[in-house]
Structure formats: C-alpha cells, structure tokens
Amino acid sequence: MALSKDDLKAAILEKSEKSPKPQLYVKDFYACDPEAKPRDIKNAANDLVKEGKLMFWSSGSTTMYALKSRIKNEEGSGGI
C-alpha cells in the first residue's frame, strides 16, 4: 500500500537531507515509495516547495529539487 501524503512528504525530506548530492531529480524520490504513482510523488514534492521546505534548482537545462540549507551551503563553499 502506498504511503499517505504526509508520510511521503516526510520520506522525500529525509531523502533530501541524507542524499550525497544536494540537488535531486523528481525520479530520485521514486524510491521513497515504490508503490506510489510518479504523479503523486511529484505533487508531494511540489507541495513541499509551496510550504518552503524544498526549493527548485535549475542548471539551465533541467529543474531539480533541493533543501534551501544545502543549496546555500554549497553555493557559499564554492559549489554550484
């Protein structure tokens, strides 16, 4: 059975915090709940952006998701 929306959001945030890379594609979140539909995962990630917990990050050719704190840390240390 697929996770509830709140549980899915929590899993996405946990993946964002523990991932070795600061930016993640929406497909990286599919492993958070293999039974959820890709559209449900994208909607949950977009809700987290609306709530201010995640932000969009763009390389110019693609859009990714990231925690605000990780992007600031990477930018401040010469990353991205």
What are the two closest heavy atoms between Pro22 and Ala66, and how far apart are they? O-CB, 3.3 Å
I'd like to know if Lys5 and Asp47 make a salt bridge, using a cut-off of under 4.0 Å between side-chain N and carboxylate O. yes
Would you check, one step at a time, whether the test side-chain contact (heavy atoms from CB on, under 4.5 Å) holds for Leu3 with Glu35? CA-CA 8 Å; Leu3 296 174; Glu35 295 182 22; over 6 Å; no
Would you say that Lys53 contacts Lys68 through its side chain, given a criterion of any heavy-atom pair below 4.5 Å between the two side chains? no
Tyr65 and Asp28: side-chain donor and acceptor closer than 3.5 Å? no
Do Tyr25 and Thr62 make a side-chain contact, defined as non-hydrogen atoms from C-beta onward lying under 4.5 Å apart? yes
Output the distance between atom OG (Ser58) and atom CD (Gln23), rounded to the nearest 0.5 Å. 10.5 Å
Might you work through the salt bridge (Lys or Arg N to Asp or Glu O under 4.0 Å) test for Glu17 and Arg70, ending with a clear yes or no? CA-CA 8 Å; Glu17 291 167 0; Arg70 292 194 69 187; over 6 Å; no
Would the number of heavy atoms belonging to other residues, nucleotides or ligands and lying under 6.0 Å from NZ of Lys21 be above 12? yes
Least distance between heavy atoms, Ile12 atom then Ala45 atom: CD1-N, 4.0 Å
Roughly how far, to the nearest 0.5 Å, is NZ of Lys9 from OG of Ser4? 10.0 Å
To the nearest 0.5 Å, what is the distance between CZ on Phe29 and CG on Asp40? 15.0 Å
For a side-chain contact (heavy atoms from CB on, under 4.5 Å) check, start with the C-alpha distance between Leu13 and Leu67, then their side-chain angles and the critical distance, and finish with the verdict. CA-CA 8 Å; Leu13 285 174; Leu67 290 171; 4.0 Å; yes
Would Met64 and Leu24 count as a side-chain contact (heavy atoms from CB on, under 4.5 Å) here? Give the steps. CA-CA 5 Å; Met64 302 170 88; Leu24 298 166; 5.7 Å; no
Checking Cys32 against Ile41 for the side-chain contact (heavy atoms from CB on, under 4.5 Å) test, could you report, in this order, the C-alpha distance in whole Å, the side-chain angles of both residues, the deciding distance, and whether it holds? CA-CA 9 Å; Cys32 294; Ile41 293 172; 5.9 Å; no
Pi-cation contact, Tyr30 with Lys27 (under 6.0 Å, within 45°): no
